[in-house]
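Here's the structure we're looking at; comments come further down.
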Protein chains: 2
Amino acid sequence: MTIDDAPRDALRGGPRELLRWVATGAAVSRADLSRLSGLSPSTVSQRVEALISQGLLEEAGAGRSRGGRRPRQLAVPTGGAVVGAIDLGAHHARVGTLDLSGRVVKARTLPVRIEDGPEAVLGALLAEVATLVGSAPAAGDGAVAGGSAGGALRGVGIGIPGPVQHSTGRIVSPSRMPGWNGFDVAAFCAGRVDVPVIVDNDANLMALGAHRTAHSELDHAVYIKAGTGIGSGVIASGRLHRGAQGSAGDISHCRVVADPAPPCTCGNAGCLEAVASGAALVTALREQGVPVSDLTGVIRLIDDGDRQATALARQAGRAVGEILAVVVNFFNPQVVAIGGRLADCEPLLASMRATLYERCLPLATQTLLIERVAAGQDVGITGAAHLVIDHVVAAA
Amino acid sequence: MTIDDAPRDALRGGPRELLRWVATGAAVSRADLSRLSGLSPSTVSQRVEALISQGLLEEAGAGRSRGGRRPRQLAVPTGGAVVGAIDLGAHHARVGTLDLSGRVVKARTLPVRIEDGPEAVLGALLAEVATLVGSAPAAGDGAVAGGSAGGALRGVGIGIPGPVQHSTGRIVSPSRMPGWNGFDVAAFCAGRVDVPVIVDNDANLMALGAHRTAHSELDHAVYIKAGTGIGSGVIASGRLHRGAQGSAGDISHCRVVADPAPPCTCGNAGCLEAVASGAALVTALREQGVPVSDLTGVIRLIDDGDRQATALARQAGRAVGEILAVVVNFFNPQVVAIGGRLADCEPLLASMRATLYERCLPLATQTLLIERVAAGQDVGITGAAHLVIDHVVAAA
DNA sequence: CTCACTTCCTTCGACTACAAAACTAAGTCA
DNA sequence: TGACTTAGTTTTGTAGTCGAAGGAAGTGAG
């Protein structure tokens, strides 16, 4: 199955956007939607009708008058259709269901062991999605509502912490996922759930989620995901930029100056990932004789002001900043935001900022926002859901 | 005056594209256009009719039959409307007129002295455009044909070898253009010609020209212009990516590893421009006691196999490759092409290639084309013309 | 209470862009 | 001569959008 990118109407006044405005409370009535979208009242009325008849929207009584006729309030049906989303990480996965406007309905975090292999891991996570939806997703059973309303599962989005060919749903030479290389996630899932399954890189999904949540008015944005690994997602002209092979944003093996250059899992040395990823920090601290077991421990050390850990965090921040400087000069985004577990690590953020301001064209940093990704632990599943919704609501 | 980007129909079957297909010989008849564009025959007929009535296209007799009715051949009228284009370089400027399909009608290269300042330089170049068109462009005279056909000037596109705010036509802190900082090119020109003037960075125009000429079917492309200075232009999803401030592609002040790090005109040291630009090569060779006066001399030395010059060229290639590696990983283009006078310099190209293949994700380089920009000395004005045509034909 | 006015929403006619089908035109080939 | 092929036009239809007009349902001044 090849999956197209979001069609153009995802951007301006499309059904998804109307839905989102209603769900976020930005719009309550048809008139609100008309004002927000710039579409004529007649067009909005028509589209709202279509959404209502699909069960994606419902009327919810009359609102307060503002000096004239009372608006007929719109709402996203509670208990309506949902999409499932899985944001797989190195040690944990966030699994959730979201309504068709992209709001989280239920979500929980599960521990996972990547090394158990794709079948076991994905099987368990899909089962969890089914549990959250409240019905077993065995192939062929009644879990899928063809078209109309009801608490049915409409699709599943999955984020993978490694290179994914979005178009085919296949994993390509991941560096920290032994046993997953070449695994066809989409095909595997197609055998377990009979709704569309969309697979993408976790950083891409974070980017999409963060952009739709916090920066939907900005055209060009770069999101860095710094956790156990390090990656990035790119929004160009309001859309997720995947590039030719779908590997856009994969900066993990860009070389940075580091002395000594630490060896990377990819076989090279001095890769960004070998210097600035959570895994790299753990390794480096251990080599310095500091007994840490995982990233959580490292972050605790940094928060406690440990000298060695802080120095490493600064070095990591510089490394990220170095690569990001090239990216900012080249791409000239309106915002660079950093997410992932290392994003809350002040020294890293500070030296990344400093490096960026030092190394970029003044013109490029003049109005550049450098932020933390705001949306918290649900950005990933939010992005995944948006991807699925864009794909699923379009077909309706 | 703020200038929008090319409207969307520039991409699929828009009037400009039809025009281009006819001009390039890709299409000769309406049926050809229908096949190429994917539009229905009726739609094509309709559009062609519109173009003919605007004088942008004409019928040119019957063609050879291919087993059925003979096609009514289409052609771009000779002596029809043109646009002017100026590709300003450090020492020379390419000035030309092009028909509305983007084909060069006349062109010539003029020596320029940037340090004479914008008024003198641009004044002379605009005068040259007027000469090529065959009528004086004094404000208010009859040089501009309002709508219909005729050898009238419809617009002028100008490429500047430094940072330009495309939207306003203003130059922003150029490093090698003393006296040009903050100069409002668009406003200046508006006082001399009464047709639209569009200003952009020279690398952007090269990118646009090269993409439209050689890679129009590719979505994502990066073009490096390595001449006296060094810059790049980016095509994302088939359109020129300018970024937030319009400074996208400006990689000239990205830092590269170099020992010793040569000082840059921007005040920093180790900038790509200070290592890999033509100007840098001249400076470095002189410092080594080699008597070269300009880039031409350097290129001659390299072609002759001079040891010092070749070593510098290799170093330059590595530097470009280093930055480009980050760009390729991040952006994942289908093609990277290098143009400008240094593009013909084998050692540079070779070590750039080597560095790229060494430092990029295999996934990203797997199908990546690494090429020379093909279109020769007219790429710049071609790109400029396309920009103007996209702006002008839309209004028709 | 009445009436002017506001806000909300729908209905209807029109326009645009495109496509599909039917048709005309003009050739080839057996 | 007639079947077939290719080229292009005309007609008709459809989808999406807008604008104007108007009905529905309220507010507030007199």
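In what follows, chains are A, B, ... by sequence order, proteins preceding strands, each numbered from 1. What you see is a predicted model; the values in this text were computed from it and never measured. Below, all heavy atoms of this structure are taken into account, side chains as well, without hydrogens, waters or symmetry copies.
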Open item on the list: Check this one for me: any side-chain N or O of S40(A) less than 4.0 Å away from OP1 or OP2 of dC18(D)?
Closed with: yes

The side-chain contact (heavy atoms from CB on, under 4.5 Å) partners of N332(B) (sequence neighbours excluded) come to A244(A), Q245(A), S247(A), A248(A), A364(B)

Testing dC9(C), dT17(D), dC18(C) for proximity to the side chain of Q46(B), the answer is dC18(C)

| task | Indicate whether OP1 or OP2 belonging to dT7(C) is found under 4.0 Å from a side-chain N or O atom of R72(A). | result | no

Side-chain contact check for P71(B): nearest option of dC9(C), dG27(C), dG8(D) is dG8(D)

For H215(B), the ring pair (Phe, Tyr, Trp, His ring centres under 6.0 Å) test, sequence neighbours excluded, returns Y223(B)

request  = Tell me, with the steps shown, if D390(B) and R239(B) meet salt bridge (Lys or Arg N to Asp or Glu O under 4.0 Å).
outcome  = CA-CA 12 Å; D390(B) 285 351; R239(B) 304 172 51 150; over 6 Å; no

Ranking dA17(C), dA19(C), dC9(C) by distance to the side chain of L39(B), first place goes to dA19(C)

Please confirm whether the backbone N or O of V48(B) pairs with a side-chain atom of R30(B), one donor and one acceptor, at under 3.5 Å?
no

By nearest-nucleotide position on DNA chain D, the 5'-leaning member of R30(B) and T43(A) is R30(B)

Whole-Å distance, L36(B) CG to dA7(D) P, equals 12 Å

When rounded to whole Å, the CD to C1' distance for the pair E49(A) and dC8(C) reads 15 Å

Ranking G68(A) and D32(A) by the position along DNA chain C of their nearest nucleotide, the one closer to 5' is G68(A)

Open item on the list: Quick check on E59(B): does its CD atom have over 12 non-hydrogen neighbours (other residues, nucleotides or ligands) under 6.0 Å away?
Closed with: yes

Whole-Å distance, R70(B) CZ to dA26(C) C1', equals 8 Å

- Short side-chain N/O contact to dC9(C) OP1/OP2 from S29(A), under 4.0 Å: yes

Any R66(A) side-chain N or O less than 4.0 Å from OP1/OP2 of dT27(D)
no

Donor-acceptor pair under 3.5 Å: do we get one between S42(A)'s side chain and the base of dG19(D)? yes

Between CD of Q73(B) and P of dG27(C) the distance, given in whole Å, is 14 Å

Considering every strand and a 4.0 Å limit on heavy-atom distances, what is the contact class for R64(B): base, sugar-phosphate, or nothing? nothing

R69(B) has its side chain closest, among dT11(D), dA25(C), dG23(D), to dA25(C)

Picking from dG16(D), dA17(C), dA7(D), the nucleotide nearest the side-chain atoms of R47(A) would be dG16(D)

Closest of dA7(D), dC18(C), dC8(C) to the A31(A) side chain is dC8(C)

